[in-house]
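Chain A is the first sequence line, chain B the second, and so forth, proteins listed ahead of strands; every chain is numbered from 1. Note: hydrogens, waters and symmetry copies are ignored here, and every other heavy atom, side chains too, is used.
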Protein chains: 2
Amino acid sequence: MLTEERHQLIRDRLAAEGKVLAGELASRFGVSEDTVRRDLRELAKAGQLRRVYGGAVTLAPFAAATISQRSGHAVEEKLRLAKAAVGVLASGQTLFIDGGSTNEAIARAIPRDLELTVATNSLGVASALADLPLVELIVLGGRYVRDLGTCVGGDTLAAVAQLGADLFFLGSCGLDATRGVTAFDSAEAEVKRAMARNSAGIVIAATNDKLATAAPYRVAAPDAIRYLVVERTAPADILADFQRLGAEIRFA
Amino acid sequence: MLTEERHQLIRDRLAAEGKVLAGELASRFGVSEDTVRRDLRELAKAGQLRRVYGGAVTLAPFAAATISQRSGHAVEEKLRLAKAAVGVLASGQTLFIDGGSTNEAIARAIPRDLELTVATNSLGVASALADLPLVELIVLGGRYVRDLGTCVGGDTLAAVAQLGADLFFLGSCGLDATRGVTAFDSAEAEVKRAMARNSAGIVIAATNDKLATAAPYRVAAPDAIRYLVVERTAPADILADFQRLGAEIRFA
DNA sequence: GCATGTTTTGCATGTTTATGCAAGAACCCT
DNA sequence: AGGGTTCTTGCATAAACATGCAAAACATGC
């Protein structure tokens with residue numbers, strides 16, 4: 001068996017199961033554990049996996065290098081929200097995911113065995129999805145805005161216009177039962193509007209501080225929200241308003 | 001048995017099984033292992049397979065190893081190349097940078113005080129540039145190809161067509177004085193060609209293993225290279241060929 | 001026909017690479 | 001703290017490798 005063959009099999013297995021055990025690989029390949037350890041060491045040095053005691057696991061530090069440094073705020077809440085938000089997904093769906101730290105967390109929480117088509121204008125989301133082998137990833141290019149971590153502008157709008165999605169994961173903005181979904185930036189709002197227009201349903205995962213707030217630019221009507229993922233501590237009266245407008249509330 | 005006959009059988013077998021063993025081919029063809037090794041060497045140089053210890057494998061798994069694999073290989077060399085490559089930059093320029101681990105290294109080596117406009121279809125390059133406040137970053141979207149780490153396809157081509165650049169940092173797969181710059185993937189080559197067409201000059205930073213090799217898809221003529229950044233240990237005769245064709249050689 | 005040059009092939013040479021084993025260090029769990 | 005496991009390092013060996021060389025097959029020119 002070629003060395004290269006083993007490396008490929010290790011990569012495959014890692015992509016499929018997320019981890020490998022040195023001893024198991026050795027008996028499976030019919031080589032000594034030393035050889036497997038050498039393989040793992042090389043692959044680790046090549047940045048293809050992360051070596052751990054007893055075997056190796058997939059690595060995720062790619063996303064750590066990107067915009068997500070900013071998402072240091074309320075990490076646990078966002079992680080809980082993300083886990084709950086991916087619960088609405090089903091294999092075979094097509095998604096829009098735009099920017100924001102919560103959406104990046106959601107992208108990272110997508111299970112590896114889900115087959116999806118995802119279009120995003122966020123570099124962070126794209127980086128997270130680049131690791132998922134079953135996700136068909138479409139990058140929505142354009143002028144990159146550093147503060148948002150996303151691409152906006154005419155090119156982005158044109159790219160969105162060519163696509164249609166089942167769900168749109170709409171990120172980071174104001175959320176109010178009377179004013180609807182709002183954004184802080186004009187160009188950003190334009191892209192969000194285009195995504196909303198070309199989607200069958202909108203999903204919003206919002207931390208408590210987003211609820212009952214509004215920003216200048218309107219993105220979507222309050223009754224356009226299909227799923228609203230919130231913390232368990234969210235004010236019940238606000239939730240009731242959205243529920244009345246047709247949203248399905250999901251608790252993290 | 002004719003040499004060409006063996007080559008064809010090797011290609012067939014490789015396409016069918018993904019790998020070949022030197023010893024096995026020797027006994028099957030009834031020739032010495034040396035002859036098989038010579039065959040494999042030639043086919044590898046022609047970009048039809050990848051030579052590994054014990055035999056050869058298809059090119060696909062090479063590309064399948066995500067971009068971060070190759071970035072692990074020869075890290076110091078690439079870092080040196082990158083530092084030398086950014087020496088050709090001047091403030092105010094507009095650049096195309098496509099994919100490849102060397103180009104990611106170059107993107108990371110760009111000084112923070114340089115004011116540039118950069119368009120890239122590589123997520124890795126984009127992530128690196130997202131940190132540089134003076135760089136106007138344009139993301140060239142499209143269908144993301146995991147193996148390449150870049151976006152390709154019609155959307156990408158359309159985005160490239162709208163832009164013009166002073167320099168194009170071409171992540172070369174193969175580099176040969178007669179066959180020019182070549183790539184392993186058809187869609188990838190198409191994007192590279194578009195970038196080359198819309199640029200005033202091409203910059204290539206190549207490690208020694210890229211020199212005097214070729215892949216199936218042609219990207220640019222050998223005399224299209226403006227700057228060629230190479231290691232100090234690069235073979236002088238190859239460099240002389242490119243110099244004769246108009247390239248300015250820069251040593252890392 | 002014969003000499004000359006080229007290509008292909010196999011062999012001998014020395015070098016490189018992969019692998020397994022042994023010894024000692026590092027690590028995990030109780 | 002201690003025992004068992006896992007890991008790294010160094011080393012030996014066998015396989016795979018590149019290279020130079022010479023013989024054979026082939027083409028080319030006179």
Side-chain angles (χ1 to χ4, degrees), chain A residues 1-11 13-14 17-59, chain B residues 1-11 13-14 17-59 61-62 65 69-70 72-77 176 178 207-214 231 233-238:
Chain A
M1 165 175 279
L2 299 171
T3 306
E4 189 57 31
E5 235 178 320
R6 285 198 312 272
H7 286 195
Q8 188 57 46
L9 289 172
I10 291 172
R11 278 190 288 259
R13 206 170 169 73
L14 209 53
E17 307 192 4
K19 65 156 188 179
V20 290
L21 304 175
E24 192 199 345
L25 290 175
S27 61
R28 174 175 294 261
F29 293 155
V31 297
S32 76
E33 294 200 9
D34 297 86
T35 302
V36 170
R37 275 193 269 273
R38 251 185 284 253
D39 289 339
L40 295 179
R41 220 179 306 164
E42 285 169 29
L43 290 170
K45 189 168 183 181
Q48 301 206 351
L49 50 79
R50 192 160 63 86
R51 196 64 224 284
V52 294
Y53 199 83
V57 297
T58 52
L59 36 74
Chain B
M1 168 176 284
L2 299 173
T3 307
E4 191 52 37
E5 211 175 336
R6 284 199 312 273
H7 284 196
Q8 190 55 49
L9 288 172
I10 291 173
R11 276 189 289 260
R13 204 169 170 72
L14 207 53
E17 308 196 4
K19 64 149 190 176
V20 290
L21 304 175
E24 193 200 344
L25 290 175
S27 61
R28 175 174 295 261
F29 294 155
V31 297
S32 76
E33 295 200 10
D34 297 76
T35 304
V36 171
R37 275 193 270 273
R38 254 184 283 253
D39 290 338
L40 294 179
R41 218 179 308 166
E42 286 169 28
L43 290 170
K45 187 163 185 178
Q48 309 207 9
L49 51 78
R50 185 164 68 93
R51 196 66 222 286
V52 297
Y53 197 85
V57 295
T58 50
L59 293 169
F62 177 57
Q69 172 201 20
R70 272 168 284 173
H73 183 252
V75 183
E76 305 83 10
E77 286 87 342
D176 186 281
T178 58
T207 48
N208 285 346
D209 59 325
K210 302 275 179 59
L211 295 173
T213 66
E231 306 176 55
T233 56
D237 53 342
I238 299 177

Quick one: do A/T3 and B/V52 satisfy side chain to side chain contact (heavy atoms under 4.5 Å, CB included)? Show the steps, please.
-> CA-CA 8 Å; A/T3 306; B/V52 297; over 6 Å; no
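For the salt bridge (charged side-chain N to carboxylate O under 4.0 Å, His left out) test, no residue two or more places apart in sequence or in another chain qualifies with B/E5. Residues satisfying the side-chain contact (heavy atoms from CB on, under 4.5 Å) test with B/L14, not counting sequence neighbours, are B/V20, B/L49, B/T58. For the salt bridge (charged side-chain N to carboxylate O under 4.0 Å, His left out) test, residues two or more places apart in sequence or in another chain that qualify with A/D39 are A/R6. For B/R51, there are no salt bridge (charged side-chain N to carboxylate O under 4.0 Å, His left out) partners at least two apart in sequence or on another chain. Here B/E42 pairs with nothing under the salt bridge (charged side-chain N to carboxylate O under 4.0 Å, His left out) rule; sequence neighbours left out. B/E231 is linked by a side chain to side chain donor-acceptor pair (under 3.5 Å) to nothing, counting only residues two or more places apart in sequence or in another chain.
Rounded to whole Å, atom C1' of C/dA18 lies 16 Å from atom CZ of A/R37. Protein atom CG of B/L2 is 16 Å distant from nucleotide atom P of C/dT7, rounded to whole Å. Distance, B/E33 CD to C/dC11 C1': 13 Å, rounded to whole Å.
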Extract all donor-acceptor atom pairs below 3.5 Å that involve side chains of residues 25-32 of chain B and protein atoms in other chains or at least two apart in sequence.
residue	atom	partner	partner atom	Å
B/S27	OG	B/E24	O	3.0
B/S32	OG	B/D34	N	3.4
B/S32	OG	B/T35	N	3.3
B/S32	OG	B/T35	OG1	3.2

Could you go through nucleotides 21-25 of chain C and list every protein N or O atom that sits under 3.5 Å from one of its N or O atoms, giving the distance for each pair?
none

Under 3.5 Å, which N/O atoms of the protein pair with N/O atoms of nucleotides 15-17 of chain C?
residue	atom	partner	partner atom	Å
C/dT17	O2	B/Y53	OH	3.2

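Ion pair A/E4/B/K19 not flagged as a salt bridge, since none of the NZ, NE, NH1 or NH2 atoms sits closer than 4.0 Å to an Asp/Glu carboxylate oxygen.
The residue B/V52 sits close only to the backbone: its heavy atoms come under 4.0 Å of sugar-phosphate atoms, none of a base.
Scanning both residues, A/L40 and A/A56, for their nearest heavy atoms gives CD2-CB, 4.1 Å.
To the nearest 0.5 angstrom, A/L21 atom CG is 8.5 Å from A/R13 atom CZ. The distance from atom NZ of B/K45 to atom CZ of B/R41, rounded to the nearest 0.5 Å, is 10.5 Å.
Counting only Watson-Crick and G-U wobble pairs whose two key distances fall under 3.5 Å, DNA chain D forms stems of three or more stacked pairs at C:1-30 with D:1-30.
Contact footprint of chain B on DNA chain D: nucleotides with an atom under 4.0 Å from a non-hydrogen protein atom, first to last in 5' to 3' order, D/dA15 to D/dT19.
The residue among A/M1 and B/E42 whose nearest nucleotide of DNA chain C is located toward the 5' end is B/E42.
Using a 4.0 Å cutoff on non-hydrogen atoms, the parts of residues 3-11 of chain B near DNA chain C are B/T3, B/R6, ordered by number.
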